Amino acid sequence: MEPRVDPSQRIARIASHLHPPTSQMEEISLLRRSDCRAKGGAPGFKVAILGAAGGIGQPLAMLVKMNPLVSLLHLYDVVNTPGVTADISHMNTGAVVRGFLGQPQLESALAGMDLIIIPAGVPRKPGMTRDDLFNINAGIVRTLCEGIAKCCPGAIVNLISNPVNSTVPIAAEVFKNAGTYNPKRLLGVTTLDVARANTFVAEVLGLDPREVNVPVVGGHAGVTILPLLSQVNPPCSFTPEEITYLTDRIQNGGTEVVEAKAGAGSATLSMAYAAAKFADACLRGMRGDAGIVECAYVASQVTELPFFASKVRLGRAGIEEMLPLGPLNQFERAGLEKAKKELAESIQKGISFVKK
Ligand SMILES: NC(=O)c1ccc[n+]([C@@H]2O[C@H](COP(=O)([O-])OP(=O)(O)OC[C@H]3O[C@@H](n4cnc5c(N)ncnc54)[C@H](O)[C@@H]3O)[C@@H](O)[C@H]2O)c1
Ligand SMILES: O=C(O)C[C@H](O)C(=O)O
(Lines give C-alpha, C1' and ligand atoms only; values in the text may rest on other atoms or scores of the structure.)
(Ligands and ions follow the chains in the order given, each with its own letter.)
Protein backbone atom coordinates (compact mmCIF):
# COMPACT_ATOMS: atom_id res chain seq x y z
CA MET A 1 0.00 0.00 0.00
CA GLU A 2 1.16 3.57 -0.73
CA PRO A 3 2.21 5.57 2.33
CA ARG A 4 -0.45 8.10 3.31
CA VAL A 5 0.52 11.67 2.35
CA ASP A 6 -1.10 14.67 3.98
CA PRO A 7 -3.21 16.20 1.10
CA SER A 8 -2.18 19.75 2.07
CA GLN A 9 1.51 18.77 1.69
CA ARG A 10 0.80 17.26 -1.72
CA ILE A 11 -0.94 20.46 -2.89
CA ALA A 12 1.89 22.62 -1.55
CA ARG A 13 4.38 20.47 -3.45
CA ILE A 14 2.46 20.84 -6.74
CA ALA A 15 2.07 24.61 -6.23
CA SER A 16 5.79 25.04 -5.66
CA HIS A 17 6.47 23.26 -9.00
CA LEU A 18 4.05 25.54 -10.85
CA HIS A 19 5.42 28.79 -9.42
CA PRO A 20 9.08 28.14 -8.57
CA PRO A 21 11.38 30.98 -7.52
CA THR A 22 13.52 31.97 -10.54
CA SER A 23 16.74 30.50 -9.13
CA GLN A 24 15.11 27.05 -8.94
CA MET A 25 13.74 27.12 -12.50
CA GLU A 26 16.33 24.92 -14.15
CA GLU A 27 16.55 22.45 -11.30
CA ILE A 28 12.78 22.01 -11.26
CA SER A 29 12.67 21.73 -15.01
CA LEU A 30 15.03 18.74 -14.74
CA LEU A 31 13.08 17.28 -11.82
CA ARG A 32 9.80 17.46 -13.73
CA ARG A 33 11.40 15.88 -16.78
CA SER A 34 12.62 12.92 -14.80
CA ASP A 35 9.21 12.74 -13.05
CA CYS A 36 7.65 12.51 -16.47
CA ARG A 37 9.93 9.69 -17.62
CA ALA A 38 9.49 7.82 -14.35
CA LYS A 39 5.76 7.78 -15.08
CA GLY A 40 6.33 6.21 -18.49
CA GLY A 41 6.49 9.34 -20.68
CA ALA A 42 8.52 8.61 -23.83
CA PRO A 43 11.99 10.14 -23.95
CA GLY A 44 12.23 12.74 -26.67
CA PHE A 45 13.79 15.98 -27.86
CA LYS A 46 14.03 19.25 -25.94
CA VAL A 47 12.70 22.19 -27.92
CA ALA A 48 12.68 25.93 -27.09
CA ILE A 49 10.58 28.59 -28.81
CA LEU A 50 11.96 32.14 -28.52
CA GLY A 51 9.16 34.67 -29.09
CA ALA A 52 6.65 32.11 -27.82
CA ALA A 53 3.98 34.62 -26.74
CA GLY A 54 3.62 36.20 -30.19
CA GLY A 55 1.24 35.71 -33.09
CA ILE A 56 3.33 32.83 -34.46
CA GLY A 57 4.75 31.73 -31.11
CA GLN A 58 1.45 30.81 -29.45
CA PRO A 59 -0.05 28.52 -32.11
CA LEU A 60 3.44 27.13 -32.76
CA ALA A 61 3.79 26.28 -29.06
CA MET A 62 0.46 24.46 -29.25
CA LEU A 63 1.50 22.45 -32.31
CA VAL A 64 4.93 21.56 -30.88
CA LYS A 65 3.25 20.46 -27.61
CA MET A 66 1.29 17.99 -29.78
CA ASN A 67 4.45 16.53 -31.37
CA PRO A 68 5.16 13.09 -29.87
CA LEU A 69 8.90 13.49 -30.57
CA VAL A 70 9.11 16.33 -28.02
CA SER A 71 9.59 15.57 -24.31
CA LEU A 72 10.34 19.07 -23.03
CA LEU A 73 9.13 22.41 -24.42
CA HIS A 74 10.58 25.71 -23.21
CA LEU A 75 8.58 28.87 -24.00
CA TYR A 76 10.61 32.10 -23.84
CA ASP A 77 9.48 35.66 -24.53
CA VAL A 78 9.94 39.12 -23.07
CA VAL A 79 6.19 39.29 -22.27
CA ASN A 80 3.25 37.02 -21.35
CA THR A 81 4.94 33.61 -21.12
CA PRO A 82 3.41 32.72 -17.72
CA GLY A 83 -0.10 32.84 -19.21
CA VAL A 84 0.78 31.08 -22.45
CA THR A 85 2.68 28.39 -20.51
CA ALA A 86 -0.15 27.78 -18.03
CA ASP A 87 -2.61 27.51 -20.91
CA ILE A 88 -0.51 25.14 -23.08
CA SER A 89 0.53 23.05 -20.06
CA HIS A 90 -3.06 21.83 -19.60
CA MET A 91 -2.93 19.91 -22.91
CA ASN A 92 -2.64 16.23 -22.02
CA THR A 93 0.13 15.46 -24.51
CA GLY A 94 3.54 14.05 -23.60
CA ALA A 95 5.79 17.14 -23.63
CA VAL A 96 6.41 18.92 -20.34
CA VAL A 97 6.13 22.72 -20.75
CA ARG A 98 8.14 25.37 -18.90
CA GLY A 99 7.86 29.15 -19.27
CA PHE A 100 10.68 31.71 -19.13
CA LEU A 101 10.14 35.47 -19.00
CA GLY A 102 12.59 38.19 -19.95
CA GLN A 103 16.33 38.40 -20.55
CA PRO A 104 17.38 37.20 -17.05
CA GLN A 105 15.72 33.83 -17.79
CA LEU A 106 17.05 33.42 -21.36
CA GLU A 107 19.97 31.20 -20.32
CA SER A 108 17.72 28.85 -18.33
CA ALA A 109 15.36 28.68 -21.30
CA LEU A 110 18.21 27.61 -23.61
CA ALA A 111 20.27 25.25 -21.43
CA GLY A 112 20.26 21.69 -22.73
CA MET A 113 17.95 22.29 -25.69
CA ASP A 114 18.22 20.19 -28.89
CA LEU A 115 16.21 22.46 -31.21
CA ILE A 116 15.59 26.22 -30.98
CA ILE A 117 12.82 27.84 -33.02
CA ILE A 118 12.97 31.65 -33.28
CA PRO A 119 9.87 33.65 -34.24
CA ALA A 120 10.88 36.64 -32.02
CA GLY A 121 10.64 40.09 -33.56
CA VAL A 122 8.28 42.61 -35.08
CA PRO A 123 6.04 41.79 -38.07
CA ARG A 124 5.23 43.96 -41.13
CA LYS A 125 2.39 46.41 -41.54
CA PRO A 126 0.90 47.30 -44.97
CA GLY A 127 3.34 49.28 -47.12
CA MET A 128 6.46 47.84 -45.45
CA THR A 129 9.01 45.44 -46.93
CA ARG A 130 10.55 42.69 -44.82
CA ASP A 131 13.82 44.66 -44.97
CA ASP A 132 12.06 47.52 -43.14
CA LEU A 133 12.07 45.20 -40.07
CA PHE A 134 15.87 44.92 -40.13
CA ASN A 135 16.63 47.73 -37.67
CA ILE A 136 14.61 46.14 -34.84
CA ASN A 137 14.86 42.44 -35.59
CA ALA A 138 18.60 42.30 -36.34
CA GLY A 139 19.40 43.24 -32.72
CA ILE A 140 16.84 40.78 -31.31
CA VAL A 141 18.27 37.91 -33.37
CA ARG A 142 21.84 38.83 -32.43
CA THR A 143 21.06 38.78 -28.69
CA LEU A 144 19.18 35.48 -28.86
CA CYS A 145 21.95 33.85 -30.91
CA GLU A 146 24.58 35.03 -28.42
CA GLY A 147 22.55 33.16 -25.79
CA ILE A 148 22.40 30.05 -27.97
CA ALA A 149 26.17 30.14 -28.56
CA LYS A 150 26.71 30.28 -24.80
CA CYS A 151 24.06 27.85 -23.51
CA CYS A 152 23.28 25.28 -26.23
CA PRO A 153 25.92 25.59 -28.98
CA GLY A 154 25.09 22.13 -30.34
CA ALA A 155 21.38 22.87 -30.88
CA ILE A 156 19.80 23.05 -34.32
CA VAL A 157 18.36 26.53 -34.96
CA ASN A 158 15.21 27.22 -37.05
CA LEU A 159 15.16 30.96 -37.74
CA ILE A 160 11.81 32.56 -38.66
CA SER A 161 12.34 36.26 -37.77
CA ASN A 162 12.40 38.57 -40.79
CA PRO A 163 14.16 39.60 -42.90
CA VAL A 164 15.25 35.94 -43.06
CA ASN A 165 17.60 36.75 -45.98
CA SER A 166 19.63 38.87 -43.52
CA THR A 167 18.88 37.33 -40.10
CA VAL A 168 20.40 33.95 -41.05
CA PRO A 169 23.72 35.61 -42.02
CA ILE A 170 23.52 37.58 -38.73
CA ALA A 171 23.12 34.34 -36.75
CA ALA A 172 26.04 32.77 -38.64
CA GLU A 173 28.33 35.73 -37.82
CA VAL A 174 27.35 35.63 -34.13
CA PHE A 175 28.12 31.90 -33.96
CA LYS A 176 31.41 32.43 -35.83
CA ASN A 177 32.45 35.11 -33.34
CA ALA A 178 31.65 32.73 -30.48
CA GLY A 179 33.56 29.87 -32.17
CA THR A 180 30.45 27.65 -32.25
CA TYR A 181 29.35 27.99 -35.90
CA ASN A 182 28.30 24.82 -37.67
CA PRO A 183 26.47 25.64 -40.94
CA LYS A 184 24.70 22.26 -40.79
CA ARG A 185 22.76 23.41 -37.75
CA LEU A 186 21.47 26.83 -38.89
CA LEU A 187 18.34 26.86 -41.05
CA GLY A 188 16.20 29.80 -42.18
CA VAL A 189 12.57 28.66 -42.36
CA THR A 190 11.07 29.05 -45.86
CA THR A 191 8.47 26.29 -45.47
CA LEU A 192 5.60 28.79 -45.73
CA ASP A 193 6.68 29.63 -49.29
CA VAL A 194 6.47 25.92 -50.15
CA ALA A 195 3.09 25.57 -48.38
CA ARG A 196 1.73 28.53 -50.36
CA ALA A 197 3.18 27.25 -53.63
CA ASN A 198 1.66 23.80 -53.05
CA THR A 199 -1.73 25.37 -52.22
CA PHE A 200 -1.87 27.80 -55.16
CA VAL A 201 -0.59 25.26 -57.70
CA ALA A 202 -3.10 22.67 -56.45
CA GLU A 203 -5.90 25.24 -56.90
CA VAL A 204 -4.87 25.85 -60.53
CA LEU A 205 -4.52 22.14 -61.30
CA GLY A 206 -7.63 21.05 -59.37
CA LEU A 207 -5.55 18.71 -57.15
CA ASP A 208 -5.39 17.97 -53.42
CA PRO A 209 -2.69 20.38 -52.05
CA ARG A 210 -1.27 17.55 -49.93
CA GLU A 211 -0.35 15.71 -53.10
CA VAL A 212 1.52 18.62 -54.70
CA ASN A 213 5.17 19.42 -54.09
CA VAL A 214 6.71 22.62 -55.49
CA PRO A 215 10.39 23.33 -54.82
CA VAL A 216 10.85 27.00 -53.84
CA VAL A 217 14.44 28.24 -53.87
CA GLY A 218 16.40 31.51 -53.46
CA GLY A 219 15.34 33.35 -50.33
CA HIS A 220 12.34 34.66 -48.41
CA ALA A 221 11.37 38.10 -49.77
CA GLY A 222 9.70 39.22 -53.03
CA VAL A 223 11.69 38.29 -56.13
CA THR A 224 14.12 36.18 -54.07
CA ILE A 225 11.26 33.66 -53.59
CA LEU A 226 11.69 31.53 -56.70
CA PRO A 227 9.17 28.72 -57.25
CA LEU A 228 10.46 26.10 -59.69
CA LEU A 229 7.21 25.41 -61.52
CA SER A 230 9.06 23.28 -64.09
CA GLN A 231 9.83 20.79 -61.28
CA VAL A 232 6.38 20.40 -59.74
CA ASN A 233 5.53 16.94 -58.50
CA PRO A 234 3.34 15.31 -59.85
CA PRO A 235 4.77 16.41 -63.22
CA CYS A 236 2.48 18.89 -64.99
CA SER A 237 2.59 21.81 -67.39
CA PHE A 238 1.27 25.39 -67.16
CA THR A 239 0.27 28.06 -69.67
CA PRO A 240 2.45 31.23 -69.71
CA GLU A 241 -0.48 33.07 -68.00
CA GLU A 242 -0.62 30.46 -65.24
CA ILE A 243 3.15 30.74 -64.71
CA THR A 244 2.95 34.54 -64.40
CA TYR A 245 -0.05 34.34 -62.04
CA LEU A 246 1.44 31.61 -59.83
CA THR A 247 4.93 33.14 -59.59
CA ASP A 248 3.48 36.52 -58.64
CA ARG A 249 1.07 35.06 -56.07
CA ILE A 250 3.73 32.87 -54.42
CA GLN A 251 6.25 35.75 -54.29
CA ASN A 252 3.64 38.06 -52.77
CA GLY A 253 1.79 35.61 -50.51
CA GLY A 254 3.13 37.33 -47.40
CA THR A 255 2.00 40.75 -48.62
CA GLU A 256 -1.44 39.31 -49.45
CA VAL A 257 -1.83 38.37 -45.74
CA VAL A 258 -0.30 41.63 -44.44
CA GLU A 259 -2.80 43.64 -46.51
CA ALA A 260 -5.77 41.46 -45.50
CA LYS A 261 -4.82 41.86 -41.81
CA ALA A 262 -4.72 45.64 -42.42
CA GLY A 263 -2.22 46.60 -39.72
CA ALA A 264 -2.82 43.68 -37.35
CA GLY A 265 0.37 41.85 -38.36
CA SER A 266 1.45 39.26 -40.91
CA ALA A 267 0.93 35.52 -41.39
CA THR A 268 0.82 33.77 -38.01
CA LEU A 269 -1.41 30.68 -38.27
CA SER A 270 -0.13 29.39 -41.62
CA MET A 271 3.40 30.24 -40.40
CA ALA A 272 2.92 28.30 -37.16
CA TYR A 273 1.72 25.36 -39.25
CA ALA A 274 4.74 25.66 -41.55
CA ALA A 275 7.22 26.07 -38.67
CA ALA A 276 5.76 23.07 -36.81
CA LYS A 277 6.03 20.97 -39.98
CA PHE A 278 9.63 22.07 -40.54
CA ALA A 279 10.57 21.47 -36.88
CA ASP A 280 9.03 18.00 -37.10
CA ALA A 281 11.15 17.29 -40.21
CA CYS A 282 14.29 18.42 -38.31
CA LEU A 283 13.38 16.22 -35.32
CA ARG A 284 12.71 13.18 -37.52
CA GLY A 285 16.10 13.76 -39.15
CA MET A 286 17.73 14.05 -35.71
CA ARG A 287 16.07 10.76 -34.74
CA GLY A 288 17.73 9.13 -37.74
CA ASP A 289 14.79 8.80 -40.16
CA ALA A 290 15.94 8.48 -43.78
CA GLY A 291 14.93 10.56 -46.79
CA ILE A 292 13.80 13.78 -45.06
CA VAL A 293 14.07 16.53 -47.68
CA GLU A 294 12.86 20.12 -47.16
CA CYS A 295 13.60 23.52 -48.69
CA ALA A 296 15.41 25.89 -46.32
CA TYR A 297 17.61 29.01 -46.46
CA VAL A 298 21.07 27.85 -45.45
CA ALA A 299 24.81 28.35 -45.92
CA SER A 300 25.16 27.02 -49.41
CA GLN A 301 27.41 26.02 -52.29
CA VAL A 302 24.50 25.62 -54.72
CA THR A 303 25.19 29.07 -56.25
CA GLU A 304 28.07 31.51 -55.79
CA LEU A 305 26.16 33.16 -52.90
CA PRO A 306 27.11 32.19 -49.32
CA PHE A 307 23.43 31.65 -48.36
CA PHE A 308 20.65 30.31 -50.56
CA ALA A 309 17.37 28.45 -50.11
CA SER A 310 17.14 25.06 -51.77
CA LYS A 311 16.32 21.45 -51.01
CA VAL A 312 18.37 19.95 -48.18
CA ARG A 313 18.41 16.45 -46.75
CA LEU A 314 18.07 16.47 -42.97
CA GLY A 315 19.74 13.99 -40.65
CA ARG A 316 21.09 13.42 -37.14
CA ALA A 317 23.44 16.41 -37.28
CA GLY A 318 21.14 18.80 -39.16
CA ILE A 319 21.82 19.31 -42.88
CA GLU A 320 23.40 16.16 -44.31
CA GLU A 321 23.27 16.98 -48.00
CA MET A 322 22.46 19.93 -50.22
CA LEU A 323 20.53 18.88 -53.29
CA PRO A 324 21.33 20.52 -56.65
CA LEU A 325 18.85 22.98 -58.20
CA GLY A 326 18.08 20.68 -61.12
CA PRO A 327 17.35 21.89 -64.66
CA LEU A 328 15.78 25.39 -64.82
CA ASN A 329 13.83 26.76 -67.80
CA GLN A 330 14.54 30.18 -69.30
CA PHE A 331 11.93 31.95 -67.13
CA GLU A 332 13.42 30.43 -63.97
CA ARG A 333 16.99 31.25 -65.02
CA ALA A 334 15.99 34.91 -65.44
CA GLY A 335 14.22 34.80 -62.05
CA LEU A 336 17.33 33.30 -60.47
CA GLU A 337 19.52 36.18 -61.69
CA LYS A 338 17.10 38.74 -60.18
CA ALA A 339 16.89 36.78 -56.92
CA LYS A 340 20.68 36.54 -56.60
CA LYS A 341 21.14 40.30 -57.05
CA GLU A 342 18.77 41.14 -54.17
CA LEU A 343 19.99 38.26 -52.00
CA ALA A 344 23.63 39.36 -52.29
CA GLU A 345 22.71 42.77 -50.82
CA SER A 346 20.60 41.32 -47.99
CA ILE A 347 23.34 38.86 -47.04
CA GLN A 348 25.97 41.60 -46.98
CA LYS A 349 23.70 43.80 -44.86
CA GLY A 350 23.38 41.02 -42.26
CA ILE A 351 27.11 40.30 -42.17
CA SER A 352 28.00 44.01 -41.89
CA PHE A 353 25.55 44.45 -38.99
CA VAL A 354 27.56 42.04 -36.83
CA LYS A 355 31.00 43.08 -38.13
CA LYS A 356 30.52 46.84 -37.66
N1 LIG B 1 9.98 33.09 -42.11
C2 LIG B 1 8.70 33.29 -42.42
O3 LIG B 1 8.18 32.66 -43.36
C4 LIG B 1 7.85 34.21 -41.61
C5 LIG B 1 6.46 34.15 -41.72
C6 LIG B 1 5.68 34.99 -40.93
C7 LIG B 1 6.31 35.90 -40.06
N8 LIG B 1 7.66 35.94 -39.98
C9 LIG B 1 8.35 36.84 -39.05
O10 LIG B 1 8.25 36.31 -37.73
C11 LIG B 1 8.41 37.36 -36.78
C12 LIG B 1 7.33 37.27 -35.70
O13 LIG B 1 6.05 37.48 -36.25
P14 LIG B 1 4.74 37.48 -35.29
O15 LIG B 1 3.59 37.71 -36.18
O16 LIG B 1 4.77 36.30 -34.40
O17 LIG B 1 5.02 38.80 -34.44
P18 LIG B 1 4.43 39.18 -33.00
O19 LIG B 1 4.74 40.60 -32.75
O20 LIG B 1 3.02 38.73 -32.90
O21 LIG B 1 5.27 38.26 -32.00
C22 LIG B 1 6.64 38.44 -31.84
C23 LIG B 1 6.99 38.04 -30.42
O24 LIG B 1 8.41 38.26 -30.26
C25 LIG B 1 8.59 38.73 -28.94
N26 LIG B 1 9.89 39.36 -28.78
C27 LIG B 1 10.27 40.62 -29.12
N28 LIG B 1 11.55 40.81 -28.75
C29 LIG B 1 11.97 39.66 -28.18
C30 LIG B 1 13.19 39.24 -27.61
N31 LIG B 1 14.25 40.06 -27.53
N32 LIG B 1 13.27 37.99 -27.13
C33 LIG B 1 12.22 37.16 -27.20
N34 LIG B 1 11.04 37.49 -27.72
C35 LIG B 1 10.91 38.73 -28.21
C36 LIG B 1 7.43 39.68 -28.70
O37 LIG B 1 7.24 39.94 -27.32
C38 LIG B 1 6.29 38.93 -29.35
O39 LIG B 1 5.62 38.11 -28.41
C40 LIG B 1 8.35 38.66 -37.61
O41 LIG B 1 9.65 39.14 -37.81
C42 LIG B 1 7.74 38.21 -38.92
O43 LIG B 1 8.09 39.06 -39.99
C44 LIG B 1 8.44 35.12 -40.74
O1 LIG C 1 5.18 38.72 -45.23
C2 LIG C 1 5.64 38.85 -44.09
O3 LIG C 1 6.05 39.93 -43.66
C4 LIG C 1 5.67 37.67 -43.15
C5 LIG C 1 6.25 36.44 -43.76
O6 LIG C 1 7.54 36.63 -44.24
C7 LIG C 1 5.37 35.82 -44.81
O8 LIG C 1 5.88 35.39 -45.84
O9 LIG C 1 4.15 35.69 -44.57
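Counting starts at 1 for both ligands and their atoms, in listed order. Here the structure is a predicted model, which is why all the values come from computation and not from measurement.
- The heavy atom nearest to atom 25 (C) of ligand 1, out of those in Ile49, Asp77, Val84, is found in Asp77.
- If you number the atoms of ligand 1 from 1 as listed, the ones under 4.0 Å from a heavy atom of Asn137 come out as 41 (O).
- Comparing Gly147, Gly54, Gly121 by heavy-atom distance to atom 17 (O) of ligand 1, the nearest is Gly121.
- When non-hydrogen atoms are compared, ligand 1 lies under 4.0 Å from the backbone of Ile56 as well as from its side chain.
- Hydrophobic clustering (side-chain heavy atoms under 4.5 Å, transitive across Ile, Leu, Val, Met, Phe, Trp, Tyr) keeps Tyr273 apart from Val214.
- Sorted by first and then second residue, the ring-ring contact (aromatic ring centres under 6.0 Å, His included) pairs with a member in residues 221-240 form an empty list; sequence neighbours excluded.
- When ring centroids are compared, His74 and Phe100 come within the 6.0 Å threshold.
- Here the heavy atom of the protein found nearest to atom 12 (C) of ligand 1 is Pro119 O, 3.0 Å.
- Considering only residues two or more places apart in sequence or on other chains, Ala296 meets the side chain to side chain contact (heavy atoms under 4.5 Å, CB included) condition with Leu187, Phe278, Val298, Val312.
- Remark: Glu320 does not engage Lys184 in a salt bridge, criterion side-chain N to carboxylate O under 4.0 Å.
- Counting protein heavy atoms only, atom 1 (N) of ligand 1 is closest to Ile160 O, 3.1 Å.
- A salt bridge is defined here as a Lys NZ or Arg NE, NH1 or NH2 lying under 4.0 Å from an Asp or Glu carboxylate O, and Lys340 with Glu304 meets this definition.
- Heavy-atom separations between Val189 and ligand 1 include at least one value shorter than 4.0 Å.
- Ligand 2 lies under 4.0 Å from heavy atoms of Arg124, Arg130, Asn162, Leu192, Arg196, His220, Gly254, Ser266, Ala267.
- The closest protein non-hydrogen atom to atom 19 (O) of ligand 1 is Pro123 CD, 3.5 Å.
- At a 4.0 Å cut-off, not a single heavy atom of Gly265 sits close enough to ligand 1 to count as contact.
- Close contacts of ligand 1 with Val122, meaning ligand atoms under 4.0 Å from a residue heavy atom, involve 40 (C), 41 (O), 43 (O).
- Regarding atom 4 (C) of ligand 1, its nearest protein heavy-atom neighbour is Met271 SD, 3.5 Å.
- A continuous path of hydrophobic side-chain contacts links Val189 to Met322 [ILVMFWY only; heavy atoms under 4.5 Å].
- In the vicinity of Ala53, heavy-atom distances shorter than 4.0 Å reach the ligand 1 atoms 39 (O).
- Remark: distances from the non-hydrogen atoms of Leu50 to ligand 1 are all 4.0 Å or more.
- Minimum heavy-atom separation, Gln251 to Ile225: NE2-O, 2.8 Å.
- Among all protein heavy atoms, the one lying closest to atom 28 (N) of ligand 1 is Ile140 CD1, 3.5 Å.
- Leu159 places none of its side-chain heavy atoms less than 4.5 Å from the side chain of Val164.
- Atom CD1 of Ile136 sits in a sparse spot, with 12 or fewer heavy atoms from other residues, nucleotides or ligands closer than 6.0 Å.
- A salt bridge does not link Lys125 to Asp132: none of the charged nitrogens lies less than 4.0 Å from a carboxylate oxygen.
- Of all the heavy atoms of His220, the ones lying under 4.0 Å from any atom of ligand 1 belong exclusively to the side chain.
- Residue Asn162 touches ligand 1 through backbone and side chain together, judged by heavy-atom distances below 4.0 Å.
- In the hydrophobic clustering of ILVMFWY residues, with side-chain heavy atoms under 4.5 Å counting as a link, Leu101 and Leu110 come out apart.
- Scanning the protein heavy atoms around atom 18 (P) of ligand 1, the nearest turns out to be Gly55 N, 3.8 Å.
- Interface of Val79 with ligand 1, defined as ligand atoms under 4.0 Å from a residue heavy atom, comprises 37 (O).
- When each atom of ligand 1 is checked for a heavy atom of Thr268 under 4.0 Å away, the hits are 15 (O).
- Residue pairs meeting the ring-ring contact (aromatic ring centres under 6.0 Å, His included) criterion with at least one partner in residues 133-183, sequence neighbours excluded, are Phe134-Phe353.
- Listed by number with element, the atoms of ligand 1 under 4.0 Å from a non-hydrogen atom of Val164 are 1 (N).
- The option with the heavy atom closest to atom 6 (C) of ligand 1, from among Ala267, Gly254, Gly57, Gly139, is Ala267.
- Contact annotation for Ala120 and ligand 1: heavy atoms of both the backbone and the side chain come within less than 4.0 Å of the ligand.
- Of the charged side-chain nitrogens involved, at least one lies within less than 4.0 Å of a carboxylate oxygen, so that Glu107 and Lys150 count as a salt-bridged pair.
- Under a 4.0 Å criterion applied to the non-hydrogen atoms of Tyr76, ligand 1 contributes the atoms 32 (N), 33 (C).
- Heavy-atom proximity to Leu133, at under 4.0 Å, picks out these atoms of ligand 1: 43 (O).
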